[in-house]
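Working notes, structure below.
Chain identifiers are assigned alphabetically (A, B, ...) following the order of the sequence lines, protein sequences preceding nucleic acid strands; residue numbering begins at 1 within each chain. Since we're looking at a predicted model, the values are computed, not measured.
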Amino acid sequence: MGKRRRKKTSAAPPHPRWPPLPPPPPGASFRLSLNRTDELRSPDPAASLQSLGLASGDLVYFSLAPDALASPQAGDGSSSAESSAGASGGVPLGHAEMDSEDPPGGRPREVAESEMVDSVPDDAPGADASGSAGDPGNSVSASFDFEGDGVVAADDSAGVRSKFSEPCFLKRVLREELGGDGGDHRLLVIAVHAVLLESGFVAVDPVTGVPAHRFHLSDQWPSTAFMMTLQYSLPELVAKTQGRNVSESVVLKFVSLGHFISVYGRLAKANLALRRVCLDERRFAPIIDEMWAKGDDDVEGNEDGGSLNSSSEKEVFEFWKIVKDGLALPLLIDLTERAGLPLPSCFTCLPMELKLRIFELLPGIDLARVGCVSSDLQYLASNNDLWKQKYVEEFGERTESGEMINWKQIFTLEAKKKRKRESSRCQMPAYTSRVRRLLNPLGFPGVLGGDYDRLPGLGVHPPFGLPFHRYQFRRNIIHNCNLGGLNG
Amino acid sequence: MSSPPSASASSSPPPCPKKMITLRSSDGATFEIEETAALQSKTLENMIHENCASTLIPVPNITGEVLARVVEFCSKHAEAGVDDESLGAWDEEFVAVDHTTLFDYIRAANFLEIPTLLDLGCQTVADMIKGKTPDEIKKTFKITTACTPEEEEEVRGENQWAFE
């Protein structure tokens with residue numbers, strides 16, 4: 001990764017290292033696009049970009065070519081820039097300064113908040129020079145940081161800075177509410193937040209220290225969020241301080257690095273062990289998004305056999321496990337110890353992996369029962385692979401296979417059937433006599449009891465046996481014989 | 001914990017000194033364990049084979065008390081000439097401890113990758129869960145839950161077959 005420097009100042013200093021840009025081409029020669037194919041046009045040349053459907057945080061491509069936007073030579077010059085850029089998948093860099101003499105008006109926010117990528121502008125002028133040297137087919141992507149309601153001087157200068165090619169991210173941004181949130185970031189942050197809540201934490205407003213019933217992410221979420229902080233505490237501590245500044249809490253800090261988000265957790269008032277997990281947005285955000293889009297409430301959600309296929313379910317499980325074992329549980333233990341509260345149940349504190357290992361040793365029926373204990377155990381106990389194992393243990397291999405089998409359902413059905421069979425067996429011995437007859441289609445004597453005990457001569461050749469009885473043995477008279485073996 | 005006595009009868013050739021490995025717990029206590037016993041732990045085995053085990057091995061996640069017991073377990077299981085039955089009985093006694101300690105054993109066994117101890121611990125916990133109703137499980141392990149009664153009802157309904 002290239003170097004990154006965090007700017008803490010509130011104003012964007014000029015960049016003396018950048019070579020002076022060529023004079024900006026006239027606005028009419030610009031072709032703007034969101035997906036590099038379809039041009040954004042407006043009948044009214046004075047229309048604002050917002051009216052074209054652009055929103056804060058959108059990635060915009062522009063081309064100087066008179067014809068349709070060509071395929072970008074996106075990769076080459078700036079691929080290193082892309083990898084060195086601090087922002088993840090498609091989130092625009094915060095500093096698309098348009099013009100050296102036209103300082104970005106409403107940009108102090110992103111400078112203060114975000115990790116500025118200084119190596120990118122170092123590369124970009126190179127790409128710049130080649131790009132604006134008049135290559136007709138060259139379309140270079142630029143990122144414009146739109147303020148929610150600010151005015152951005154986007155229509156005249158050619159501020160080429162960063163280079164990303166993430167159309168999927170774009171689609172998502174467009175699809176979502178036009179708050180301009182970084183879609184992938186938001187999904188992951190909310191998902192991590194969910195794990196914390198499920199583990200027993202309550203959200204606390206980081207500024208006032210007062211418990212917040214829900215984070216108003218739109219308020220505190222800048223559109224170019226490279227870093228953000230959330231704070232949590234425990235219900236017992238919140239109750240103690242009764243709405244005022246809570247005494248002890250944990251702080252979660254989200255930092256994006258390329259397509260990873262690192263989440264750091266620690267006690268707010270102590271510099272003890274820092275807990276950290278690193279989440280790959282490319283791996284998890286699509287799955288979480290899929291889940292969110294389907295509107296599922298429960299995470300396992302494949303009751304209807306189709307909400308999440310089994311590989312997605314596994315990814316979600318992995319995500320939950322990583323965050324829970326890496327952040328939520330250790331922080332819970334840290335916080336309860338620090339606050340002098342009784343530790344949560346040692347069983348609860350066990351990592352998910354070990355709980356799962358214990359569950360593997362349980363028979364199906366106990367697994368179902370343990371799933372009724374609490375929500376996190378319910379999630380664990382619904383693990384599809386686990387139920388597959390249970391099924392195989394109890395009922396043997398099953399020939400059909402596929403991604404969508406809900407093994408718990410199948411197990412439940414089989415278990416009910418088995419129970420019915422067992423209870424009906426006790427009630428219907430006559431059933432077995434028919435079965436027995438089927439086993440002796442030619443009338444040869446079976447070796448079970450019954451007639452052969454009563455009439456020892458049966459089936460034995462004359463003169464030792466009773467010849468005229470030979471044909472009577474078909475009348476299998478079974479009184480109270482236990483033919484359990486037939487039912488095995 | 002003292003290390004197990006070194007080998008054997010007088011008739012055998014003089015035993016070469018058993019290689020001892022020193023472990024240090026999170027609270028600074030040190031324990032010696034025979035190499036053969038240490039091989040029960042895959043983590044330690046890897047370190048031994050890579051020759052990193054010549055000096056002190058820190059075991060940061062495990063306290064002295066638990067580490068002592070784990071060393072005892074490994075040594076017992078590395079002993080020759082112990083029949084299965086008495087080993088089983090010894091194991092049973094070993095895990096007849098309070099829950100906190102039991103879970104500490106499980107965690108330690110997981111960290112040090114000791115399959116025998118891990119299986120023993122997990123099986124013990126599984127046996128504690130078997131046959132119990134959810135309420136009994138909650139009580140046994142002192143699990144508190146944030147579920148609303150409606151949610152609990154719903155889950156129980158889904159798993160009704162397990163209660164019949």
Side-chain angles (χ1 to χ4, degrees), chain A residues 197-202 234-236 273 297-298 300 303 325 329-330 333 342-351 353-379 381-382 408-409 411-420 423, chain B residues 26 60-61 66 97-111 113-115 117-164:
Chain A
L197 289 182
E198 196 262 347
S199 306
F201 285 100
V202 293
L234 293 171
E236 299 91 327
D297 284 344
D298 39 304
E300 325 85 73
E303 293 296 286
D325 292 347
L329 284 177
I333 297 173
L343 284 180
S345 151
C346 33
F347 187 77
T348 313
C349 293
L350 216 55
E353 208 154 16
L354 290 179
K355 282 190 189 123
L356 207 54
R357 207 181 160 120
I358 294 173
F359 287 176
E360 281 169 11
L361 301 168
L362 289 175
I365 191 169
D366 289 299
L367 187 59
R369 288 191 193 144
V370 87
C372 299
V373 172
S374 71
S375 63
D376 66 329
L377 292 185
Q378 184 204 358
Y379 180 38
S382 322
K408 185 177 175 187
Q409 255 179 11
F411 184 98
T412 312
L413 286 169
E414 283 295 331
K416 285 184 183 163
K417 270 193 234 168
K418 181 176 176 186
R419 194 169 292 155
K420 233 188 225 172
S423 59
Chain B
S26 60
N61 304 9
V66 173
V97 290
D98 59 294
H99 292 334
T100 320
T101 319
L102 182 59
F103 287 115
D104 284 339
Y105 290 166
I106 293 177
R107 263 190 251 260
N110 188 43
F111 180 74
E113 293 180 80
I114 306 173
L117 183 55
L118 190 56
D119 289 339
L120 177 64
C122 291
Q123 187 62 56
T124 312
V125 177
D127 291 339
M128 283 185 203
I129 298 177
K130 275 187 207 167
K132 290 200 164 81
T133 66
D135 288 327
E136 285 165 359
I137 297 174
K138 268 193 223 176
K139 231 189 198 172
T140 310
F141 295 108
K142 304 195 191 61
I143 299 175
T144 52
T145 169
C147 287
T148 63
E150 294 82 28
E151 284 168 358
E152 277 197 36
E153 268 308 304
E154 196 188 322
V155 174
R156 209 167 278 232
E158 274 173 25
N159 293 304
Q160 194 51 42
W161 60 277
F163 296 98
E164 282 156 11

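With rounding to the nearest 0.5 angstrom, the CZ atom of Arg357(A) is 11.0 Å from the CD atom of Gln123(B). A distance of 8.0 Å separates CD of Gln378(A) from CG of Asn159(B), quoted to the nearest 0.5 Å. Residue Ile129(B) holds its CD1 atom at 8.0 Å from CG of Leu377(A), rounded to the nearest 0.5 Å. Atom OG of residue Ser374(A) and atom NZ of residue Lys138(B) lie 8.0 Å apart, to the nearest 0.5 angstrom.
Taking Arg156(B), Lys132(B), His99(B) one by one and counting their heavy-atom pairs under 4.5 Å with chain A, the maximum is reached by Lys132(B). Note on Lys408(A), Lys355(A), Glu360(A), Arg419(A): by heavy-atom pairs under 4.5 Å with chain B, the leading option is Arg419(A). Note: Ile143(B) leads Asp119(B), Ile143(B), Ile137(B) in heavy-atom pairs under 4.5 Å with chain A. Of all the listed residues (Glu152(B), Arg107(B), Lys142(B)), the one sharing the greatest number of non-hydrogen pairs under 4.5 Å with chain A is Arg107(B).
Here the side chains of Leu354(A) and Phe103(B) are not in contact, with every heavy-atom distance at 4.5 Å or above.
Counting heavy-atom neighbours within 6.0 Å of Glu136(B) CD, excluding the residue itself, gives a total above 12. For Gln160(B), the CD atom counts as densely surrounded, since its 6.0 Å shell holds more than 12 non-hydrogen atoms of other residues, nucleotides or ligands.
Contact of Ala368(A) with chain B is made through backbone and side chain together, with heavy-atom distances under 4.5 Å.
Nearest heavy atom pair, residue Asp366(A) against residue Gly131(B), reads OD1-N, 2.6 Å. In terms of heavy atoms, Ala126(B) sits closest to Leu361(A) at CB-CB, 3.8 Å. Nearest approach of Ala415(A) to Trp161(B), heavy atoms of both residues: CB-CZ3, 4.0 Å.
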Applying side-chain contact (heavy atoms from CB on, under 4.5 Å), run through Val125(B) and Phe347(A) and close with a yes or a no. CA-CA 9 Å; Val125(B) 177; Phe347(A) 187 77; 4.0 Å; yes

